[in-house]
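Worksheet: one structure, shown below.
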Protein chains: 2
Amino acid sequence: MPDNLSLTFSALADPTRRAMLARLSEGEASVSELAEPFLKSMSLPAVTKHLKVLEKAGLITKSKDAQFRPCKLNAEAFRDVADWVEQYRIFWEESFDRLDEYLKTVAAEKNKKKGRPNGRKK
Amino acid sequence: MPDNLSLTFSALADPTRRAMLARLSEGEASVSELAEPFLKSMSLPAVTKHLKVLEKAGLITKSKDAQFRPCKLNAEAFRDVADWVEQYRIFWEESFDRLDEYLKTVAAEKNKKKGRPNGRKK
DNA sequence: CGGTTAATTAACCAATAAGTTAAATATAAG
DNA sequence: CTTATATTTAACTTATTGGTTAATTAACCG
């Protein structure tokens with residue numbers, strides 16, 4: 001049983017599902033509305049399965065309206081992803097001096113623990 | 001052949017791999033250094049495989065230093081994830097009025113296209 | 001050179017994922 | 001009640017994933 005974040009990332013690792021999320025970012029949609037762009041390339045049960053994956057990952061919620069099942073985005077899962085990636089911001093924002101500085105601070109704390117790896121030959 | 005973002009999310013969908021990335025956020029590490037916390041629970045070849053997944057996803061790069069293969073984070077893939085999730089920010093930042101407003105604008109644009117789904121019974 | 005350490009490759013296995021078609025369920029509507 | 005629409009479930013297939021052990025490659029060290 002994978003943890004939530006694993007479920008979420010796993011759900012996002014599919015372009016069909018990401019396209020469905022993109023569609024939902026423009027508002028609620030029923031299963032068949034969501035399915036419409038994909039029916040050339042996959043069956044309806046396949047769509048149902050994708051939606052189930054998104055639902056289990058907490059990325060969407062489904063409700064009932066007559067025979068329809070309107071879906072919408074669920075903020076929390078997106079926030080979880082955003083929070084996770086946030087901790088790496090320093091690595092992708094090109095401020096190499098700050099990064100370098102940062103890496104040195106962590107390294108310094110670390111060297112009290114075990115003096116092995118970072119002395120190299122050459 | 002999945003697209004890059006799919007590869008990346010897929011690589012992130014595993015707690016072992018995310019732990020490796022966390023370790024690398026504290027600085028470069030060789031394969032065996034990265035492996036160390038996991039050797040109780042998995043073999044070295046398993047670690048190699050995980051690293052290969054991270055590498056193919058562009059999340060890390062490997063270099064050579066004698067018989068060691070120091071690994072480090074690769075900013076771009078993280079930026080891709082951050083950029084992707086950014087487009088959903090409005091959904092997870094609790095400004096429901098703005099969200100509501102936003103959704104209405106998109107809906108308005110949309111209603112010129114097809115007048116079906118949003119009239120409801122009850 | 002011969003041994004040791006670091007890491008990878010090969011061959012295999014079990015579980016999961018992503019799709020299929022056919023059948024079933026739920027609700028609305030005539 | 002019957003039919004039509006929306007969606008899901010079941011059963012099955014194929015490919016991929018994540019792990020294993022055994023063998024191999026690469027580079028250093030005495």
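Naming: A, B, ... by sequence-line order, numbering from 1 per chain. What's counted below: heavy atoms across the whole structure, side chains too, no hydrogens, waters or symmetry copies.
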All side chain to side chain contact (heavy atoms under 4.5 Å, CB included) counterparts of Ser10(A), not counting sequence neighbours: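 With neighbours one apart ignored, the set is Ala13(B).
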Contacts of type side chain to side chain contact (heavy atoms under 4.5 Å, CB included), residue Asn74(A), not counting sequence neighbours: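 Asn74(A): side chain to side chain contact (heavy atoms under 4.5 Å, CB included) contacts with Thr61(A), Glu76(A).
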Min side-chain heavy-atom separation Leu34(A)-Arg23(A) under 4.5 Å: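 Answer yes - side chains close enough.
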Any pair counted as side chain to side chain donor-acceptor pair (under 3.5 Å), so long as it reaches residues 34-54 of chain B, sequence neighbours left out: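 Every pair satisfying side chain to side chain donor-acceptor pair (under 3.5 Å) with a residue in residues 34-54 of chain B: Arg17(B)-His50(B).
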Rounding to an integer number of Å, can you tell me how far [X] [atom1] sits from [N] [atom2]?
| X | N | atom1 | atom2 | value |
| --- | --- | --- | --- | --- |
| Leu7(B) | dT16(D) | CG | P | 12 Å |
| Leu51(A) | dT7(D) | CG | C1' | 10 Å |
| Phe38(B) | dG18(D) | CZ | P | 14 Å |
| Leu39(A) | dT5(D) | CG | C1' | 14 Å |
| Lys62(B) | dA7(C) | NZ | C1' | 8 Å |
| Glu33(A) | dA6(D) | CD | P | 10 Å |

Donor-acceptor pairs under 3.5 Å, side chain of residues 82-90 of chain B to any protein atom, not counting sequence neighbours: which ones?
{"unit_1": "Glu86(B)", "atom_1": "OE1", "unit_2": "Arg89(B)", "atom_2": "NE", "d": "3.3"}
{"unit_1": "Glu86(B)", "atom_1": "OE1", "unit_2": "Arg89(B)", "atom_2": "NH2", "d": "3.1"}
{"unit_1": "Glu86(B)", "atom_1": "OE2", "unit_2": "Arg89(B)", "atom_2": "NE", "d": "2.7"}
{"unit_1": "Tyr88(B)", "atom_1": "OH", "unit_2": "Ala22(A)", "atom_2": "N", "d": "3.2"}
{"unit_1": "Arg89(B)", "atom_1": "NH1", "unit_2": "Glu93(B)", "atom_2": "OE2", "d": "2.7"}

Residue-phosphate contact under 4.0 Å: Thr48(B) side-chain N/O, dT8(C) OP1/OP2: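 So the side chain of Thr48(B) is within the cut-off, an N or O lying under 4.0 Å from OP1 or OP2 of dT8(C).
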Contact letters for nucleotides 14-27 of chain C, in which S counts primed atoms plus P, OP1 and OP2 and B counts the base, heavy atoms under 4.0 Å: ----SBBBB----B
Set of residues satisfying salt bridge (Lys or Arg N to Asp or Glu O under 4.0 Å) with respect to Arg69(A), sequence neighbours excluded: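 None.
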